[in-house]
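As structure tokens, the structure follows; a few thoughts come after it.
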There are 2 protein chains.
Amino acid sequence: MTTAVRKVQNRNQARLLRLLRDRGPLSRAELTDAVTLSKSKVAVELDRLTAAGLVQDAGQAASRGGRPSSLVRLWDGLRFAGIDVGATSINVAITDGGLTTLAQRQGDIDVSQGPEVVLRAASQMVRDLRAETGTESLAGIGAGVPGPVSFSEGFSVVPPIMPGWDKYPVRDRLSEEFDCPALLDNDVNIMAVGEFHAGAARGIGTFMFVKLGTGVGAGIFVDGHVHRGVDGSAGDIGHIQVHDQGPVCACGNIGCLEAFFSGAALRRDAVLAAQEGRSPFLAARLAERGALDVLDVADAATAGDPVVIAMIREGGRHIGEVLAKLVSFFNPGMIVIGGGLSNLGGTLLAELRGTIYRRSLPLATRNLPVVMSELGDSAGVLGAVRMISDHVFSHDPALRMADVRELA
Amino acid sequence: MTTAVRKVQNRNQARLLRLLRDRGPLSRAELTDAVTLSKSKVAVELDRLTAAGLVQDAGQAASRGGRPSSLVRLWDGLRFAGIDVGATSINVAITDGGLTTLAQRQGDIDVSQGPEVVLRAASQMVRDLRAETGTESLAGIGAGVPGPVSFSEGFSVVPPIMPGWDKYPVRDRLSEEFDCPALLDNDVNIMAVGEFHAGAARGIGTFMFVKLGTGVGAGIFVDGHVHRGVDGSAGDIGHIQVHDQGPVCACGNIGCLEAFFSGAALRRDAVLAAQEGRSPFLAARLAERGALDVLDVADAATAGDPVVIAMIREGGRHIGEVLAKLVSFFNPGMIVIGGGLSNLGGTLLAELRGTIYRRSLPLATRNLPVVMSELGDSAGVLGAVRMISDHVFSHDPALRMADVRELA
DNA sequence: AAACTTTTCCCACTTACTGGTCGAAGTCGC
DNA sequence: GCGACTTCGACCAGTAAGTGGGAAAAGTTT
């Protein structure tokens, strides 16, 4: 363990680090090819990175007919932590520098208990995982929480159903406690980052991630970057009004999208269908277990229960109608569906696709894949570590998008 | 007139040129302060720009208590042309390097006559304006046409009601004819650029421009850049379905937003109200002139005609309901309303604001101005020249956003 | 006219990076 | 086993970009 300043000094070092993160150990020659720099320059920067303890030697590669390359890789002890706080659960992972998960843990929480309680639980989980993986120090922590987040300030802003979280300095608390850089974002955004990094949207710079969970939200990628909007509330589509009348939403309004279809709405409708005897399958399950969740509904659909299937189709149609409008507006290259309700599988996906393709312009949908999340529950933590590693593996964190774009 | 290579050689020259464009003549000292470069470097680059014929001396400034500055400005003979093709009209302007309009001309066309006819008319107008302003050569041409455009390829793609335009190489034709760089974009996008450059959205990097004209469309700005979407169809909100039933749209579908409210829809409804005797004001106008347009409707509203006012309010509500959904999704910093229907004035704006504020989340609307276009008919041509001047005043046009962003 | 202010020109110096050369370290053919 | 060939990495001189100090230039103020 070096005690050197573990800091990226320039743009070239940042590029090299991200190459090593994304492509694994590479030789100096391969790195020279990948970045447009001379071998001398690459060698110099690698020496500096090695001295800074960010990079290390990785032995010899097999010869390709000449002198064998000596491989270079990210420092073996580099560790990132990701924290994905949901409404009722928390997911924590520790990865190495290449963002391979070394250990992961899930726990039940109630986000309404406030930031102190939740952060205490999260910290404990991180500490446990550190012990488990023999992690001495963390290079960075990424975290996501439900509801609108001020990314630049690192805290939640007026979260609807999360008392005590408003302006609570989550990012700075994490940064202090673990003595490393930290970033906080909306949970849907980090899931979108996850799918972009290692999931269905790999290489698709402009896409929408739609989370159908307890609530409904979207993560928006524009040219490889999260679009957060001016107040950090972009993607907040759960409370779009889809009807004048309809069920009352948790937010107090009437006709919100997530009052028609979401984890909460589906549970409500499922229990009703069971109690009213419209779905024998769900009635049996309810009697058996005393409650119903998304998996019960999915099972009922698989078993061919017509009422349940109709329920899913109607919900999918509501979501699809909103997405169709957003597709016309935004013209994304892909839509990724995630969150708990993605367990509803093919029935839901078919309805979504049908509605979106039927209601949007042909030009905007002719190349528009609508697919399920590839990462499932891990999308959030993976996105969180990707987000913080992008940050750590960048030159001057102060020099951000806005400034760089101006140059072009 | 120099015959030197009039070409920007590096990023610093690009920055200097844009400074001179946006802030007018400046002294070397002021330029040094504005860019973060040493005075020596600024002097060297200015010399090169002068040699390239892009920049020239502009005499002495008044002394501020010491040696007076010698001012530098863009070459006096720099000229940009902007072409804004609408469904029924065409607008052309020639500006100097600082994007001040030197001459402007408007003409009536029918875009359905095809690109050959329209481009011939446009070229003639540009030639007329060149003669009028004594312009020897153009430094660049920006143009906008209705419907989806492939920006990178420089032509329209599957435009709904524009036979013959599909894949017709508009950009390259202009570039060849006038022997200068040219860019082609969607007409709504260039209007948005215009409002960003010199209109209501000055300094607001993330906003929506909504054109309510013959059709309905939106221009989307994200962090100071136009968002065109993966197929160039972003902002195509006119055919969003707002109802299961309703008037048949020109696109063949039912319930499209612009079938409910647009220039075409309003004319239709106005004539109907006149013929059915519901609006005495419009009936009189129709009898008097044989036809009705937006200005007649505006006059009727000003005169207090209750049926017309209700008509505008209902239309505004339809637009507002769609915008409210998009605001929740996109979280812009401003909405600018333009196009012919903005002549409807306060009645329309009030209804839009009311609907948007009522139906979107408080967080996304608490800082959301909804304002009328400041540039009116000139937004398009001004945006077009701004677009092409950004292009000409940039280093390597090949090195574009995607690449630059990757560095950060 | 002297003192002061501000700008511009000039030049030595640093920094970032390039690209060629050469030895090191392997494989391959015989 | 040895020389020819290939590939890699270290070294180093050279270059382009940019910095920053100093002096001259060209005004104003006293």
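Quick note on labels: first sequence line is chain A, next is B, and so on, each numbered from 1.
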### Query
Relative to the ring of Phe196(B), is the ring of Phe207(B) parallel (under 30°), tilted (30 to 60°) or perpendicular (over 60°)?
parallel
### Task
Ignoring backbone atoms, test whether Asn12(B) places a side-chain nitrogen or oxygen under 4.0 Å from the OP1 or OP2 oxygen of dA17(D).
no
### Summary
Here the distance between atom P of dC10(C) and atom CZ of Arg28(B), to the nearest Å, is 11 Å
### Residue pair Cys180(B) / Leu138(B): nearest heavy atoms and the distance that separates them
CB-O, 3.3 Å
### Query
Under 4.0 Å between a Lys/Arg side-chain N and an Asp/Glu carboxylate O for Asp390(A) and Arg21(A)?
yes
### Message
With nearest nucleotide decided by heavy atoms, which residue, Gln60(A) or Glu45(A), maps closer to the 5′ end of DNA chain C?
### Response
Glu45(A)
### Task
Using atom CD of Gln13(B) as one end and atom C1' of dG18(D) as the other, report the distance to the nearest whole Å.
14 Å
### Query
Can you tell me how far P of dT18(C) sits from CG of Asp33(A), to the nearest Å?
14 Å
### Message
I'd like to know if Lys41(A) reaches the base of dT15(C) with its side chain, counting only an N/O donor and acceptor under 3.5 Å.
### Response
no
### Query
Whole-Å distance between dT7(C) C1' and Leu26(B) CG?
15 Å
### Summary
Whole-Å distance, Lys39(B) NZ to dA23(D) P, equals 12 Å
### Message
Going by side-chain hydrogen bond (donor to acceptor under 3.5 Å, both in side chains), Glu45(A) matches just one of Gln9(A), Gln13(A), Arg15(A). Which one?
### Response
Gln13(A)
### Task
Check whether any side-chain nitrogen or oxygen of Ser27(B) sits under 4.0 Å from OP1 or OP2 of dT7(C), and answer yes or no.
no
### Message
Whether the side chain of Glu195(A) engages the backbone of Glu374(A) through a donor-acceptor N/O pair (distance < 3.5 Å, no angle test) should be reported.
### Response
yes
### Query
What integer distance in Å separates Leu37(A):CG from dG9(D):P?
16 Å
Polar pairs (N or O, both sides) under 3.5 Å between protein and nucleotides 3-7 of chain D?
from   : atom 1 : to       : atom 2 : distance (Å)
dT7(D) : O2     : Arg67(A) : N      : 3.0

#### Entry: Under-3.5 Å donor-acceptor pair between Ser40(A) side chain and dG9(D) base
no
### Query
Hey, what do you get for CG (Leu16(A)) to CG (Leu49(A)), rounding to the nearest 0.5 Å?
6.5 Å
### Query
Leu46(B) has an atom CG; how far is it from atom P of dT7(C), in whole Å?
15 Å
### Query
Could you state the interatomic distance from OG (Ser152(A)) to CG (Leu184(A)), rounded to the nearest 0.5 Å?
11.0 Å
#### Entry: 5′-ward residue of the pair Thr36(A)/Ser70(B) relative to DNA chain C
Ser70(B)
### Query
What is the distance from CG of Leu16(B) to P of dG18(D), rounded to the nearest Å?
11 Å
